[in-house]
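Remarks on the structure that follows.
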Amino acid sequence: MESKSCLIQSKGNGVQGNRIHGNGVHHVAVMGIPAELKARKAQWDIQASEMSRKTLNPIRAIVDCMKLTPNPDKPMIALSIGDPTVFGNLPTDEKVLQAMKDAIDSHQYNGYAPSVGYLQSRESVAKFFSCPEAPLAGKDVILSSGCSQAIDLAISVLCNPGENILVPCPGFSLYKTLAVSLGIEVKLYNLQPEKSWEIDLQHLESLIDEKTTCLIINNPSNPCGSVFSKEHLQQILAVASRHCVPILADEIYADMVFPGCGFHSIAALSTDVPILSCGGLAKRWLVPGWRLGWILIHDRGQTFEPEIREGLVKLSQRILGPCSIVQGALDSILNNTPQDFYSNTISLIQSNSQICYTALSTIPGLFPVKSSGAMYLMVGIEMKHFPGFQSDVDFTERLVTEQSVFCLPATVFEYPNFFRIVVTVTEHMMVEACSRIRDFCQAHYRFSSPEPNDLDQ
C-alpha cells in the first residue's frame, strides 16, 4: 500500500501527530489512496469554463459568418473598423511620440507599476479632468489596460451574477459581452434615431427593478456618433437619482465633438448620482494600441466608500495594471499635446461625416442620421425597397461582394436594418465609398406602392 506525507499547518502551538517540526508544522503519514481518487478515471476530460462558454462578441459572431469576397476589380474600402490609425491619415502628434521616447530613454519605467497605476500618473489624469463641479484627486483614478478593461472593472465591481445592467440599443457590443460572461442580465434601452439618438427615457425607466445595479451611458456614442445635450444628460440623471442606480459613463470619445456641439461630462452635472467614468488615450490621442485607459471615481455622498473603491483596487490586481512605459509618458501626453492636433482631427472627421451624410441622404432607400461627434455615422435601410435582401447583414455582405465596400451591419449592435460607417478614412476614399454605395443601391432599389393605411393618412 502506498504511503504519502502531507504538510499540515495548525493554528495552535501544540499539535498531535507524527513528526512535529516546530511552529506547529508537522508531517502526517497518510496510508493508502483515498477512495475518491481511485474512482477518478485515468483519462483526459478538460472542459472550458462556464465563463468562457458564456463569452460571445456579437461582432465576431456575425462578421466571421459573413461571406466577404470583395469584387476583384475594385480595391477594398473598409468602413467597418473603429481604429483611426488604419489608413495612415490620422497619425498621433509628434509630442505624443516624443513623450513615449523620453519615457523609454529615462529607464525609469521598465518594472512593475502598482496595479492601479503610478500615483504621479493618476494625479496627472485627475488634474487633467478635474473641474469645480466634479473635482478629482489621484486616489479617484484607476489606470487600466485600455478603456475596455476600465469598463470590465466597472461592471465587475458594481454587479453580481443574477443582477442586471441597462445598456443602450444600439450600443457598443462589448457591454453585453462582458456582462453575460459574468452571469449578469443585460436590459436594452432604446435610443431614438428621429431625435438624434436621444434615450427613450420612459422606456429606460420601465426597465429598472430591484436587481438593477448599473446604468451604462455612452456619450459621445459608438455606433451612433451622437452627442447628448446638457439638458438630456440632466434628464438621465433624474431617472438614475429616483431609483438610486449608479452610472457607468463610457466617455472614451470625450471632447471629440463637432463645432457647435458641446461635450458635457455627466459627472460634472451630477449632484447625488455616483458615477464611474471610463476613458483612455485610444481615440482622442489616436493610439488605440497603447492600451492605456482609466476609471474616474466620481463619488457622491460617499456612496462608493469603502466597498467600490476597495473592490476596484482588488480587481485591478488581477492583471497588475497597464503598460508602465505609457504611464511614464502620460503626464507629458496630457499636458503637452498641442490644441491644433485635436482640432485637426475633429476637422477631418467632421468633413468626412458631412460628405457621407450629404451623399447618402440623396440615395433612395437610405436614411442616414446626422452625427455630431465620435467617428461614426449610422445609416438606416428601408428594407421594403430592397426585396432582394433579407436583412442588413445580407445587404452589407452583398455590398462587399459587388462594390468592395465593407460597412458593419447594425445587427451586431442589436439594431437591425441599419449599418454603421466609420468616417476616419481619407476624403478620397470617403467620396469613392459613397459613390459605390449609390451604384449598389440604384442597382437593387425597387419602388414599392404605399400601403393602404399610408393612403388613409
Side-chain angles (χ1 to χ4, degrees), residues 56-90 170-174 177 193 222-225 288 349 352-369 371 374-446:
L56 176 69
N57 187 321
I59 294 179
R60 296 269 56 89
I62 293 173
V63 172
D64 289 349
C65 293
M66 295 174 70
K67 298 181 180 67
L68 301 176
T69 306
N71 184 335
D73 297 326
K74 298 186 177 185
M76 184 70 168
I77 302 177
L79 305 178
S80 58
I81 305 171
D83 181 346
T85 71
V86 169
F87 299 98
N89 59 320
L90 284 171
F172 185 37
S173 59
L174 185 67
T177 298
N222 173 16
C224 301
I349 293 173
N352 277 346
S353 180
Q354 186 60 49
I355 289 170
C356 187
Y357 176 78
T358 301
L360 300 190
S361 294
T362 62
I363 300 176
L366 299 185
F367 55 100
V369 182
S371 60
M375 311 186 312
Y376 311 101
L377 185 140
M378 285 278 276
V379 183
I381 312 167
E382 294 184 286
M383 296 302 298
K384 66 181 180 181
H385 291 301
F386 298 98
F389 306 114
Q390 297 180 350
S391 66
D392 58 307
V393 177
D394 193 18
F395 183 97
T396 52
E397 184 179 88
R398 290 278 295 280
L399 181 57
V400 173
T401 301
E402 297 181 21
Q403 296 292 339
S404 296
V405 175
F406 184 24
C407 304
L408 208 57
T411 290
V412 304
F413 306 114
E414 312 227 27
Y415 208 79
N417 302 334
F418 274 75
F419 60 88
R420 187 194 74 174
I421 289 178
V422 177
V423 293
T424 56
V425 297
T426 64
E427 181 176 321
H428 170 75
M429 293 176 73
M430 191 82 266
V431 172
E432 174 64 19
C434 290
S435 176
R436 294 189 200 176
I437 293 172
R438 177 183 297 277
D439 291 343
F440 177 79
C441 289
Q442 287 177 342
H444 295 283
Y445 181 87
R446 299 292 180 268

Is the centre of the [X] ring less than 6.0 Å from the centre of the [Y] ring?
X      : Y      : result
Phe389 : Phe419 : no
Phe367 : Phe418 : yes
Tyr445 : His385 : yes

Considering only heavy atoms from C-beta outward, does the side chain of [X] approach that of [Y] to under 4.5 Å?
X      : Y      : result
Met76  : Val400 : yes
Pro84  : Met375 : yes
Tyr415 : Cys224 : no
Ile355 : Val431 : yes
Ile77  : Phe406 : no

Please report the shortest heavy-atom distance between [X] and [Y], naming the atom on each side.
X      : Y      : value
Phe395 : Cys441 : CZ-SG, 4.0 Å
Lys74  : Ser404 : O-OG, 3.0 Å
Val425 : Ala78  : CG1-O, 4.2 Å
Met383 : Asp392 : CE-N, 4.3 Å
Thr85  : Asp83  : OG1-OD1, 2.7 Å
Cys407 : Leu79  : SG-CD1, 4.1 Å

Which is it for Thr424 and Val86 under the side chain to side chain contact (heavy atoms under 4.5 Å, CB included) test, yes or no, and what are the steps along the way? CA-CA 9 Å; Thr424 56; Val86 169; over 6 Å; no
When you measure from the side chain of Asn71 to the backbone of Glu402, do you find a donor-acceptor pair of N or O atoms at a distance under 3.5 Å?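 Yes, Asn71 side chain to Glu402 backbone: donor-acceptor pair under 3.5 Å.
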Expected output: side-chain Arg420 to main-chain Ser80 donor-acceptor under 3.5 Å: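 Indeed, once roles are kept as given, a pair shorter than 3.5 Å links the two residues.
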What is the distance from atom [atom1] of [X] to atom [atom2] of [Y], rounded to the nearest 0.5 Å?
X      : Y      : atom1 : atom2 : answer
Thr396 : Ile421 : OG1   : CD1   : 11.0 Å
Leu377 : Ile349 : CG    : CD1   : 12.5 Å
Phe413 : Ser173 : CZ    : OG    : 6.5 Å
Arg436 : Leu399 : CZ    : CG    : 9.5 Å
Leu360 : Leu366 : CG    : CG    : 6.0 Å
Met430 : Gln354 : CE    : CD    : 12.0 Å

Taking only residues two or more places apart in sequence or in another chain, which ones pass ring-ring contact (aromatic ring centres under 6.0 Å, His included) with Tyr357?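 For Tyr357, no residue satisfies ring-ring contact (aromatic ring centres under 6.0 Å, His included) once neighbours in sequence are set aside.
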Within 6.0 angstrom of Glu427 CD, more than 12 heavy atoms from elsewhere: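 No, because the 6.0 Å sphere around CD of Glu427 holds 12 heavy atoms or fewer from other groups.
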Which residues pass the side-chain contact (heavy atoms from CB on, under 4.5 Å) test with Arg438, sequence neighbours left out?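 For Arg438 the side-chain contact (heavy atoms from CB on, under 4.5 Å) partners, ignoring immediate neighbours, are Thr362, Ile363, Gln442.
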I would like to know whether Tyr376 and Val423 meet side chain to side chain contact (heavy atoms under 4.5 Å, CB included); could you show each step before the answer? CA-CA 6 Å; Tyr376 311 101; Val423 293; over 6 Å; no
For Asn352, give me all partners under side chain to side chain donor-acceptor pair (under 3.5 Å), at least two apart in sequence or on another chain.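 Checked Asn352 against side chain to side chain donor-acceptor pair (under 3.5 Å); zero matches.
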Go through it in stages, so that I can follow the logic: the residues are Thr426 and Asn89, the test is side-chain hydrogen bond (donor to acceptor under 3.5 Å, both in side chains), and I'd like the CA-CA distance, side-chain angles, deciding distance and then a yes or no. CA-CA 6 Å; Thr426 64; Asn89 59 320; 5.7 Å; no
